[in-house]
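These notes concern the structure reproduced below.
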Amino acid sequence: MDYLSTIKQPILSELSDFDDLFTKSLSHQDGLLGQALEHVRQSSGKRMRPMFILLMAKNYGKVNAVTQHAAVGLELLHTASLVHDDVVDESRERRGQSSVNAVYNNKVAVLVGDYILSTALLHVNYTHNQEIVNTLAELGRTLSNGEILQLSNIQNKEISEAVYYQVIKQKTAAFFEACACLGAMSVGADRADIELAKKFGQNLGIIFQIRDDIFDYYDKEEIGKPTGNDMAEGKLTLPAIYALNSTADEAMLAVARKVKAGMVTTDEIGQLVAFTKAHGGIEYAEKRMWKLHAESLDFLESEVEDDSVKKGLRAYLDFVIERQK
């Protein structure tokens, strides 16, 4: 099934308007900055977050200028965070293209990220909606807090599923939750509807992150990262957390502690990946995803009336859980 075409179908004209506004926001006449922004534009993704905002807005009303500026503001915040993340992680590539810091240097990348973030603030200001401004500002704080929590969790000897969810709710899930919230807010949805939309967005975000984490246990070229990359960075994700806690295997727990300490070898990562697969870690994570998928379907049935929007959101949900990279 061509999920992306189905997702876009109800919002084709609105998405075209978004693309025009987003491209304009990342354009500049000045030499170096203009070149760097052009480089960032070329590595833009599938527009998953803006499409979600537009679909949620259309569910509760008519997409308008407030919706578009909110969508551009959020996508720019996301873009700025990626530019900064590549500096922090010393990444040389982003979506198969050289990162900004690889093409230029860390100083230029940080300043470009700052410029993009400031542009995001300009666009949410154009909404003239204080609640939308507050939502995006809180999102920025939540994302930073999530990153710091993840770093501090690496030093924590406890291997906790609860902490895993706490981290991803403040990272990936926070973005999807904000998308749903901004879309609903931009067309004047009431508080009860906004809260239901936020929960739907959070569930989508958790599904997205668990699926991403599962990829790390398989060595597939199209995914774009080697097996065990998360472990190499000191992170234990849901499949390994479940396998370790359900078996209490002392040898593997010792390897897990080495992961957190940043002292694990490639061979040990391979052992822990194999252990996780052999002890139901992948199946457990997939079960959690499908449970959230079922909850999300309930939202679509009870809260989405327009058939085309419902079909688009269903395709979005299915794409997130069934994507291969």
Side-chain angles (χ1 to χ4, degrees), residues 45 48-49 74 77-95 99 101 106 109-110 113 117 136-179 198 201-217 223-245 252-253 255-264 268-269 272-273 276 281-282 284-285 288-289 292 320:
M48 294 303 293
R49 292 160 188 82
L74 184 131
L77 174 62
H78 175 60
T79 303
S81 73
L82 296 181
V83 173
H84 285 156
D85 283 351
D86 286 340
V87 175
V88 172
D89 298 337
E90 300 179 356
S91 297
R92 308 301 292 173
E93 276 195 5
R94 167 67 58 184
R95 296 179 181 131
S99 60
N101 49 300
N106 284 348
V110 169
L117 180 58
L136 200 79
E138 283 296 337
L139 174 61
R141 282 158 50 101
T142 299
L143 294 171
S144 297
N145 189 58
E147 290 287 351
I148 292 169
L149 177 62
Q150 181 168 273
L151 288 173
S152 63
N153 185 46
I154 289 173
Q155 307 302 320
N156 184 357
K157 292 182 179 179
E158 184 184 7
I159 298 170
S160 167
E161 187 172 328
V163 173
Y164 167 81
Y165 282 114
Q166 191 180 354
V167 169
I168 66 172
K169 282 179 180 178
Q170 293 185 61
K171 292 184 65 184
T172 310
F175 259 120
F176 284 89
E177 183 178 334
C179 287
K198 285 171 66 176
Q202 184 187 80
N203 284 346
L204 256 179
I206 294 171
I207 292 169
F208 190 98
Q209 187 60 57
I210 294 175
R211 171 56 69 201
D212 218 42
D213 292 342
I214 290 172
F215 288 146
D216 200 48
Y217 293 83
I223 293 170
K225 60 179 184 178
T227 303
N229 191 56
D230 288 334
M231 293 180 191
E233 295 176 357
K235 304 171 191 171
L236 292 173
T237 53
L238 186 60
I241 291 169
Y242 170 79
L244 290 163
N245 286 337
M252 286 297 104
L253 284 168
V255 173
R257 285 190 282 271
K258 291 180 74 174
V259 168
K260 282 177 163 283
M263 299 171 60
V264 71
E268 287 169 331
I269 288 175
L272 187 48
V273 167
T276 297
I282 305 300
Y284 177 78
R288 296 297 301 162
M289 281 196 307
L292 292 169
V320 166

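Count residues from 1 along the sequence.
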For residues [X] and [Y], report the shortest heavy-atom separation together with the two atoms involved.
{"X": "Y242", "Y": "G281", "value": "CD2-CA, 4.0 Å"}
{"X": "L117", "Y": "A80", "value": "N-CB, 3.8 Å"}
{"X": "A174", "Y": "L139", "value": "O-CD1, 3.5 Å"}
{"X": "A285", "Y": "P239", "value": "CB-CG, 3.9 Å"}
{"X": "V255", "Y": "E268", "value": "CG1-O, 3.8 Å"}
{"X": "I210", "Y": "M289", "value": "CG2-CG, 3.5 Å"}

Between atom [atom1] of [X] and atom [atom2] of [Y], what is the distance when rounded to the nearest 0.5 Å?
{"X": "L204", "Y": "E177", "atom1": "CG", "atom2": "CD", "answer": "11.5 Å"}
{"X": "Q170", "Y": "F175", "atom1": "CD", "atom2": "CZ", "answer": "13.5 Å"}
{"X": "N229", "Y": "K235", "atom1": "CG", "atom2": "NZ", "answer": "7.5 Å"}
{"X": "T276", "Y": "Y284", "atom1": "OG1", "atom2": "OH", "answer": "13.5 Å"}
{"X": "L143", "Y": "T172", "atom1": "CG", "atom2": "OG1", "answer": "9.0 Å"}
{"X": "M231", "Y": "K258", "atom1": "CE", "atom2": "NZ", "answer": "14.0 Å"}

**Request:** Test V259 against every option in D230, I159, V264 by the side chain to side chain contact (heavy atoms under 4.5 Å, CB included) rule and name the one that passes.
**Result:**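 Looking at D230, I159, V264, the match for V259 under the side chain to side chain contact (heavy atoms under 4.5 Å, CB included) is V264.
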**Prompt:** Which residue, D213, V163, L236, forms the side chain to side chain contact (heavy atoms under 4.5 Å, CB included) with I241?
**Reply:**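 Of the listed residues D213, V163, L236, the side chain to side chain contact (heavy atoms under 4.5 Å, CB included) partner of I241 is L236.
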**Asked** Does Y165 reach the side chain of L238, with side-chain heavy atoms less than 4.5 Å apart?
**Response**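 When only atoms from C-beta onward are counted, L238 and Y165 do touch, with a gap below 4.5 Å.
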**Item:** Derivation and outcome, side-chain contact (heavy atoms from CB on, under 4.5 Å), residues D212 and T237
**Value:** CA-CA 10 Å; D212 218 42; T237 53; over 6 Å; no
**Message:** Set out, in order, the CA-CA distance, both residues' side-chain angles and the distance that settles side-chain contact (heavy atoms from CB on, under 4.5 Å) for E147 and L151, then state yes or no.
**Reply:** CA-CA 6 Å; E147 290 287 351; L151 288 173; 5.6 Å; no
**Message:** Which residues pass the side-chain hydrogen bond (donor to acceptor under 3.5 Å, both in side chains) test with N245, not counting sequence neighbours?
**Reply:**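 side-chain hydrogen bond (donor to acceptor under 3.5 Å, both in side chains) list for N245, sorted by chain: empty.
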**Request:** For side chain to side chain donor-acceptor pair (under 3.5 Å), just list the numbers for K171 and Q209, CA-CA rounded to whole Å, side-chain angles, deciding distance to a tenth of an Å, and then say yes or no.
**Result:** CA-CA 9 Å; K171 292 184 65 184; Q209 187 60 57; over 6 Å; no
